[in-house]
Protein chains: 2
Amino acid sequence: MASTTRSKPRPARDSEATRQALLDAGAALFAEHGFDGVSVDEIARRARVNKAMISYHFGGKEGLYGAILAAAAVPAAERLRELAAADIPPVEALTRYVETFVELTEKNPHFPPMILRELMGGGRLFDEAFFPHVLAIFGSIRMIIARGIALKVFRPVDPLVTHLSVVGSLLFFLVTEGVRERMEKKGILPAPRPLPKDFVAHLKDVTIRGLLAEPPRN
Amino acid sequence: MASTTRSKPRPARDSEATRQALLDAGAALFAEHGFDGVSVDEIARRARVNKAMISYHFGGKEGLYGAILAAAAVPAAERLRELAAADIPPVEALTRYVETFVELTEKNPHFPPMILRELMGGGRLFDEAFFPHVLAIFGSIRMIIARGIALKVFRPVDPLVTHLSVVGSLLFFLVTEGVRERMEKKGILPAPRPLPKDFVAHLKDVTIRGLLAEPPRN
DNA sequence: GTCTATAGGCTGATAGAC
DNA sequence: GTCTATCAGCCTATAGAC
């Protein structure tokens with residue numbers, strides 16, 4: 001795994017670096033413009049790599065796209081699934097879910113736009129190995145909410161609807177950071193640009209208040 | 001406005017119908033696949049119209065796209081702006097905002113995906129006549145929230161962050177109806193598919209609880 | 001207003017040299 | 001593993017007949 005040690009005769013110079021450059025360039029471009037909005041020439045240029053390498057390493061444009069999606073979805077699904085399975089009080093679990101989600105997207109800011117595009121579009125990769133991971137990511141928070149209701153910590157809301165509203169507002173916030181940044185530069189943002197941590201704090205505050213069976217003392 | 005009366009000599013057979021067919025077909029396809037994911041051939045085929053008509057009536061693919069976006073954004077912005085300007089108690093205004101938003105998208109289900117794609121993407125049409133309307137749509141709810149805070153009906157939350165979370169979850173719900181429909185058909189949806197009215201009810205319930213200065217009696 | 005035919009550019013993929 | 005050269009296919013736009 002630690003790549004070529006530079007002493008053996010045959011193996012190549014830098015195969016892993018090429019792969020990674022393509023994954024990085026592709027993620028940024030696909031997130032911003034969608035699968036159809038990006039050409040393999042652009043990706044190769046940005047990665048400073050020959051475009052034939054996309055076919056060589058990933059079997060083509062679709063293969064690269066799928067690899068990028070999986071590289072982000074698999075670890076995210078794993079961490080969030082663990083969190084949902086752990087025996088943590090519902091309020092804390094919900095909080096940690098949101099924090100973990102944001103933390104994951106700080107490592108990989110291109111994941112939210114890509115997954116949202118997949119949810120909107122016909123669903124290019126929705127049958128393959130990818131779909132179960134999406135289910136895990138969304139299912140985890142749904143389970144946390146359902147558990148909170150079962151324990152009577154939360155009011156008897158609909159878990160499916162509730163998890164959509166929490167994850168939805170979170171995803172929306174994350175995918176629109178770019179617009180706000182651009183608006184701020186133009187000076188047309190009506191208030192200081194909120195940081196992810198501000199949004200997380202708000203979401204925790206308001207949704208917990210909205211869900212709790214026993215309203216907090218003000 | 002009532003189109004050709006079929007008696008005069010020169011005017012053409014059905015120009016308005018052609019325009020409308022292109023607007024309808026384009027809206028459906030752009031919403032599902034994005035600007036780059038759709039070819040003018042597909043649009044023309046779906047509209048049962050010759051593709052040269054796109055250039056003739058709208059000056060090209062981009063022109064059609066802009067016309068579709070404006071046709072939905074302009075009336076929406078107008079109605080929501082009125083609502084924000086009216087002197088209505090904050091809780092009711094917030095409720096009506098969400099209801100109006102959903103009602104507007106029932107007339108035009110392709111608007112939420114299109115606007116979300118615009119917000120994510122580099123922003124193809126973001127400088128033109130279109131941008132002010134987006135500002136009005138989002139600004140209206142921000143104003144309602146700010147008013148609620150000023151009147152001490154709502155807790156002193158950040159209006160910018162708060163309106164993002166409300167509109168965000170709403171938009172997310174609307175643009176993911178397609179996936180849930182497909183999942184339901186496959187039998188992999190973990191609960192009965194929530195209708196827009198269920199979601200609206202939930203959003204009203206939970207956000208109002210989360211925002212109110214005086215928590216409601218349970 | 002509508003349609004056919006076509007131009008000209010760009011797309012993704014690959015064969016074959018190194 | 002990498003790169004160059006090249007291909008066939010699709011794309012949008014338009015000139016010109018009706």
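Atoms considered below: every heavy atom in the structure, side chains included; atoms not considered: hydrogens, waters and symmetry mates.
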**OP:** Mind running side chain to side chain contact (heavy atoms under 4.5 Å, CB included) on A:L164 and B:R180 for me, showing each step along the way?
**Re:** CA-CA 11 Å; A:L164 288 175; B:R180 283 191 298 280; 3.5 Å; yes

Subject >> side chain to side chain donor-acceptor pair (under 3.5 Å) involving B:T18 - partner list, sequence neighbours excluded >> reply: none

Subject >> Any A:T18 side-chain N or O less than 4.0 Å from OP1/OP2 of D:dT2 >> reply: yes

**OP:** Mind checking side-chain contact (heavy atoms from CB on, under 4.5 Å) for A:E92 and listing every partner two or more places apart, or none if nothing turns up?
**Re:** A:I88, A:P89, A:R96

**OP:** Can you label the angle between the A:F172 ring and the B:F138 ring as parallel, tilted or perpendicular, going by 30° and 60°?
**Re:** parallel

**OP:** Quickly work out the B:D36 CG to D:dC11 C1' distance and round it to whole Å.
**Re:** 12 Å

**OP:** Let me have a per-nucleotide readout for nucleotides 3-18 of chain C, 5' to 3', with B, S or -, counting only protein heavy atoms under 4.0 Å.
**Re:** BB------SBBB----

Subject >> Spacing of B:H57 atom NE2 relative to D:dA13 atom P, expressed in whole Å >> reply: 15 Å

**OP:** Using a 4.5 Å cut-off on heavy atoms from C-beta on, say whether the side chain of A:K185 contacts that of A:R182.
**Re:** no

**OP:** May I have all residue pairs that pass side-chain hydrogen bond (donor to acceptor under 3.5 Å, both in side chains) and include part of residues 129-148 of chain B, sequence neighbours excluded?
**Re:** none

Subject >> Rounded interatomic separation in angstrom, taking CD from B:E16 and P from C:dT2 >> reply: 11 Å

Original post:
Using the ring of each side chain (for Trp, its six-membered ring), is B:F35 parallel, tilted or perpendicular to B:F30, with breaks at 30° and 60°?
Top reply: parallel

Subject >> Terminal axis angle for the helix from C:dG1-D:dC18 to C:dC18-D:dG1, five pairs an end, nearest 10 degrees >> reply: 0°

Original post:
Restricting to pairs with a member in residues 161-173 of chain B, which pass salt bridge (Lys or Arg N to Asp or Glu O under 4.0 Å), not counting sequence neighbours?
Top reply: none

**OP:** Provide, to the nearest angstrom, the distance between the CG atom belonging to A:L22 and the P atom belonging to D:dG1.
**Re:** 14 Å

